[in-house]
Number of protein chains: 2
Amino acid sequence: MSLSDRLSFKDQAFRLREEAVMAATTRLLASKGFDLMTMDDVALEVGISKPSLYKHFKSKEDLATEAMVRLLDGALDFLAGQDAALTPLQRLQDLLAWALRVRLQGGLPFLPSGSPQVRAMLVRSLRYVTRVLKLNGQLDRIVTQAKQQGALRADLPNDVILYNYYSRTCDPAVEYLQLYGKYDSDAIVAHMLSVVFDGLAPPRADSADAG
Amino acid sequence: MSLSDRLSFKDQAFRLREEAVMAATTRLLASKGFDLMTMDDVALEVGISKPSLYKHFKSKEDLATEAMVRLLDGALDFLAGQDAALTPLQRLQDLLAWALRVRLQGGLPFLPSGSPQVRAMLVRSLRYVTRVLKLNGQLDRIVTQAKQQGALRADLPNDVILYNYYSRTCDPAVEYLQLYGKYDSDAIVAHMLSVVFDGLAPPRADSADAG
DNA sequence: AAAAAATGCTACTCGTTAGTAAAAGAGAAT
DNA sequence: ATTCTCTTTTACTAACGAGTAGCATTTTTT
């Protein structure tokens, strides 16, 4: 309603196409990576021609960066929308589950895996860096809270925990297990969460009290 | 001696250069990835010209595949050379530590992270596939042994354990923590091993006996 | 010492891809 | 209805990268 009133048909179509472009970019970035994703790929997938892309985004760099920004905004929104009653540990677990599901549906990981070039490209973008710092700050606080509650290991520095956490969203294990076809998304998410927080070794009942 | 006797100067130089080519390829593959590594890069790093590379390897694909094959051979050698007295868990931990150190020194990860194209390329190579199957088989047996000894969680399928294990060798967390400069290699390896096997959550002393 | 064989290098080809210019087309305003 | 503006497209350019042809050089062999 409010859209149709204010915007012309052309503008509406333009916005819709922009969303389609973002969706295609995200999918292609996640599957092929930045280097192998061509602007022609994106154009073809959206069903428009390459120069039209440049009406929306001024470069490939811009396009890719925007995709990452949207992912991080999604994560920040997810955090902001979480139930206040949740424990810090549950907040972390739920966010990771969300990120893994995003990934399993063809979305992007939190960390740009791979080449320093891509990292450098992202860091050039203020829009991107802002989000990273915000997410980092929020998660760092939650990790500290979880440690205070005894829900995360106090012997690990926060950054070690955080990078281990982030990196799980681009863990190839997810991809490979999905490729297998043996497990559905729920099973993969459950397994991954279990492994991240509890580890591959069984709980050692003798560790705390026995000695 | 035996080399100088049988091989001409030319042949010796040729072999030495071939090693230099492999070393450069490995380093560049690890840092830039397959797509961004150019044959000119390799040639420049070795100090020879591009066409000379093609006397050693018939294509970029060949070159990259050979680098992966050597890594896997290294892993298989490491396994073969392990002390027979080691527990299965220790064997897994030591191999992972070895792989992480390789990675921290600019080497390749076990899993080709990223694009399906690269995966497809590797799978085309029989030399590569042979090694993968061999390593998979050996590690699968060790994992089963470790489970029987209660050293690994029996509730996780072997393949879930294995892919989580493999994927740690290309975990960006390693890269990022190294980038930080705050931790030395030993600390990073120790932290990673600890996280992989024990998880981010503290041991739950109440889990097995209390209920 | 001279011919023979093999390697290394300079200078190319061909294909691919990011990005652009100018024409063609569709919607909006008078 | 007609003009005006904005968008879309076809057809390009420029750069880069994989792989090659043919010449120069160097080692080996007779």
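- For the salt bridge (Lys or Arg N to Asp or Glu O under 4.0 Å) with A:Glu66, the qualifying choice from A:Lys60, A:Arg131, A:Arg127, A:Lys58 is A:Arg127, the only one to do so.
- Taking a 6.0 Å sphere around NZ of A:Lys134, one finds it holds 12 or fewer heavy atoms contributed by other residues, nucleotides or ligands.
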What's touching nucleotides 16-20 of chain C from the protein side, N or O pairs under 3.5 Å?
unit_1: C:dA18; atom_1: OP1; unit_2: A:Met37; atom_2: O; d: 3.4
unit_1: C:dA18; atom_1: OP1; unit_2: A:Lys60; atom_2: NZ; d: 3.2
unit_1: C:dA18; atom_1: OP2; unit_2: A:Met39; atom_2: N; d: 2.9
unit_1: C:dA18; atom_1: N7; unit_2: A:Lys50; atom_2: NZ; d: 3.1
unit_1: C:dG19; atom_1: OP2; unit_2: A:Tyr54; atom_2: OH; d: 3.1
unit_1: C:dG19; atom_1: OP2; unit_2: A:Lys60; atom_2: N; d: 2.9
unit_1: C:dG19; atom_1: N7; unit_2: A:Lys50; atom_2: NZ; d: 3.0
unit_1: C:dG19; atom_1: O6; unit_2: A:Lys50; atom_2: NZ; d: 3.0

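- Regarding B:Met121, its CE atom lies at a distance of 12 Å from the P atom of D:dA18, rounded to whole Å.
- Whole-Å rounding puts the B:Leu28 CG to D:dA18 P distance at 11 Å.
- By the 30° and 60° cut-offs, the orientation of the rings of B:Phe14 relative to B:His56 is parallel.
- The nearest whole Å value for the distance from the CZ atom in B:Phe57 to the C1' atom in D:dA18 is 16 Å.
- Side-chain N/O atoms of A:Asp35 and A:Ser115 include no donor and acceptor closer than 3.5 Å.
- When only modelled atom types and interatomic distance are considered, A:Thr65 and A:Arg124 share no side-chain donor-acceptor pair under 3.5 Å.
- In this view, B:Tyr176 and A:Tyr163 satisfy the ring-ring contact (aromatic ring centres under 6.0 Å, His included) rule, not counting sequence neighbours.
- The distance from atom NZ of B:Lys55 to atom P of D:dG19 is 16 Å, rounded to the nearest whole Å.
- In this entry the distance linking CZ of B:Phe14 with C1' of D:dT27 reads 14 Å, nearest Å.
- For the OP1/OP2 pair of D:dT9 and a distance below 4.0 Å, the side-chain nitrogens and oxygens of A:Ser52 include at least one atom meeting the criterion.
- Between the P atom of C:dA6 and the NE2 atom of B:His56 lies a distance of 15 Å, rounded to the nearest Å.
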